[in-house]
Novice: 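Quick one: the structure is below, questions incoming.
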Number of protein chains: 2
Amino acid sequence: MSITTTRLTRSKEATELTLRLTTGELARQAARANEYTNSTSGVAPTYLQANLLVLPSRYAADFRNLCARNPVPCPLIAESAAPGDFSRLVSHLPSVSSKSLAEGLDLRTDCPRYNVYKDSKLVHAGVPDVTDQWTEDHVAFLVGCSQSFESALERAGLPVRHSVQDRTVPMYRSNIPLNAAGVFSGSTYTVSMRPFPAKDIERVREISRAYHATHGEPVAWGWDAVARLGVENIDEVQWGQAPLTEDGQPLSTVFGDEENVPVFWGCGVSTQEAVMKAPLEGAILAHFPGCMLIMDCGEDDVL
Amino acid sequence: MSITTTRLTRSKEATELTLRLTTGELARQAARANEYTNSTSGVAPTYLQANLLVLPSRYAADFRNLCARNPVPCPLIAESAAPGDFSRLVSHLPSVSSKSLAEGLDLRTDCPRYNVYKDSKLVHAGVPDVTDQWTEDHVAFLVGCSQSFESALERAGLPVRHSVQDRTVPMYRSNIPLNAAGVFSGSTYTVSMRPFPAKDIERVREISRAYHATHGEPVAWGWDAVARLGVENIDEVQWGQAPLTEDGQPLSTVFGDEENVPVFWGCGVSTQEAVMKAPLEGAILAHFPGCMLIMDCGEDDVL
């Protein structure tokens, strides 16, 4: 099977459509109809966004434990009500009822794009749906997404660079080990990155801190964090799009600049990285990084 | 102030006393009377053991968040019912009631030994009690201890080396970053180590996995994990006592031996390491590593 590589540069039409997708339900419907196949950054502002990971049921207990042991990169929000069920979820958040997560959901179609893994290897990247891959034995898990605190940062007067530039958040592999859980061992955190002025970092930490279910406060910040996290080149992302300066230059061109300090958060793509490092058998389905599932509940409902 | 350094080599008398301390209550009474001032490994078998950290109340919220973001090294079990309260605890474990934690407790005296920090620096190590340091503003936290799953390993026919040799568990600083939480940033996991035969590692993982509230399964294993964790010398511990082979030789003398594979767990001393890395003001009190608080409830009550 060939691997589709998909770049998420949003066209003028996609940007116009984004503005019309004002709720989680509208966003899911547009994704289901394959009218919307792009990054969900800026889609349905203030609605909760989630990472999706779908596993054969025999890996479900280990995956729950992986999330419990790594709540910063992998905060578990919800899972399938039963194996094979692609429409009903059980909430893991005390403040959110299962019913309020997503009405009329179809997990096989409602992300704008998907990744498909076979035997722990990525075989399809960015496909529009996974209906033909879904089986009676699949269990879906939703994990918090850091795009969920971007509205709060913007409301506080802290613009989020990739959102302003209509790009996908930059994501990297890091060297921080994920705490092992059963079959999931030997993997590391993936991290998302947003540059902020050095003087604002304590406010950025404080605002995102409250969002426990969507990664909470950053795991590292500062230009020296790039090497410390094992990120080889800040301009070369593993997922999403490369970060730019306000003027549209590669971020590395302003290395050391106090107005462009990289700030890193735990990232739910860690779940897909854990899949690739584990010896899993069978089909594993996931959202395409940046193209999240959008829920009916609000970002602030999970506080 | 001078720093007392304390070696926890158990005398014949201490070993005899250990055998008489069969419950958490007896162990706390002996610690309170300063009859017992040694490692609690092997004391009151099957009773839950805990790390203690006592902070000025203004750091309590950040510390709760540190534990929530790092449940493997810092699984939060309980905290003071109110600032200044050294006798009543509120349980954070759904399966353990607050009342069943410890009847007639005095957190100022009931660990065999204590550490005292002032302004994030260790100023007294291994003192018998901290009554003179306790204030109305202090909040105590109890964090799970890996000595709590040693009985389960032994019951499964997997002898725990340091316990067989009547020594304190070896503990090391590692390079795994603790997820930052407010004032607590820039610190790393401390880890405890027990050698097991390579062929038994999957069983060791499986048995300890269930003990979520007391660190769960290991974070790393194998001789290659020593360098990966940034442990410079397996014979030089930062807390506890150096690990030995079955014949009483330094563990490094059998480097690569499949019968003596180092297995590392998250360790509650991470909380004291986090204190030393943070810019805290005032007196912080803690147990002396290895000399834990022993509870009334059982290790298996937290499963």
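Just so it is clear, the model here is predicted, and its values are computed rather than measured. Proteins get letters first, then strands, A, B, ... in listed order; numbering begins at 1 in each.
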Novice: State, with a plain yes or no, whether a side-chain heavy atom of B:Asn179 is found less than 4.5 Å away from one of A:Glu217.
Specialist: no
Novice: Report yes or no: does B:Arg69 contribute a side-chain atom to a donor-acceptor pair with the main-chain N or O of A:Pro71 at less than 3.5 Å?
Specialist: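 No, the answer is negative, given that no donor and acceptor are paired below the 3.5 Å cut-off.
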Novice: Identify which part of A:Ala68 has an atom lying under 4.5 Å from any heavy atom of chain B, answering side chain, backbone, both or neither.
Specialist: backbone
Novice: Under 4.5 Å heavy-atom distance to chain B, tell me which part of A:Trp265 shows up: side chain, backbone, both or neither.
Specialist: neither
Novice: Does A:Glu154 have more than 12 heavy atoms from other residues, nucleotides or ligands lying within 6.0 Å of its CD?
Specialist: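 Enclosed.
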Novice: Does A:Arg228 reach the side chain of B:Pro177, with side-chain heavy atoms less than 4.5 Å apart?
Specialist: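 No - every pair of side-chain heavy atoms lies 4.5 Å or more apart.
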Novice: Need one label for B:Asn175: side chain, backbone, both or neither, based on atoms under 4.5 Å from any heavy atom in chain A.
Specialist: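 Looking at B:Asn175, nothing touches chain A.
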Novice: Could you check whether any side-chain N or O of A:Arg205 sits under 3.5 Å from a backbone N or O of B:Gly182, counting only pairs where one atom can act as donor and the other as acceptor?
Specialist: yes
Novice: What part of B:Pro218 gets closer than 4.5 Å to chain A, counting heavy atoms only: side chain, backbone, both or neither?
Specialist: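 It is the backbone, since no side chain atom gets that close.
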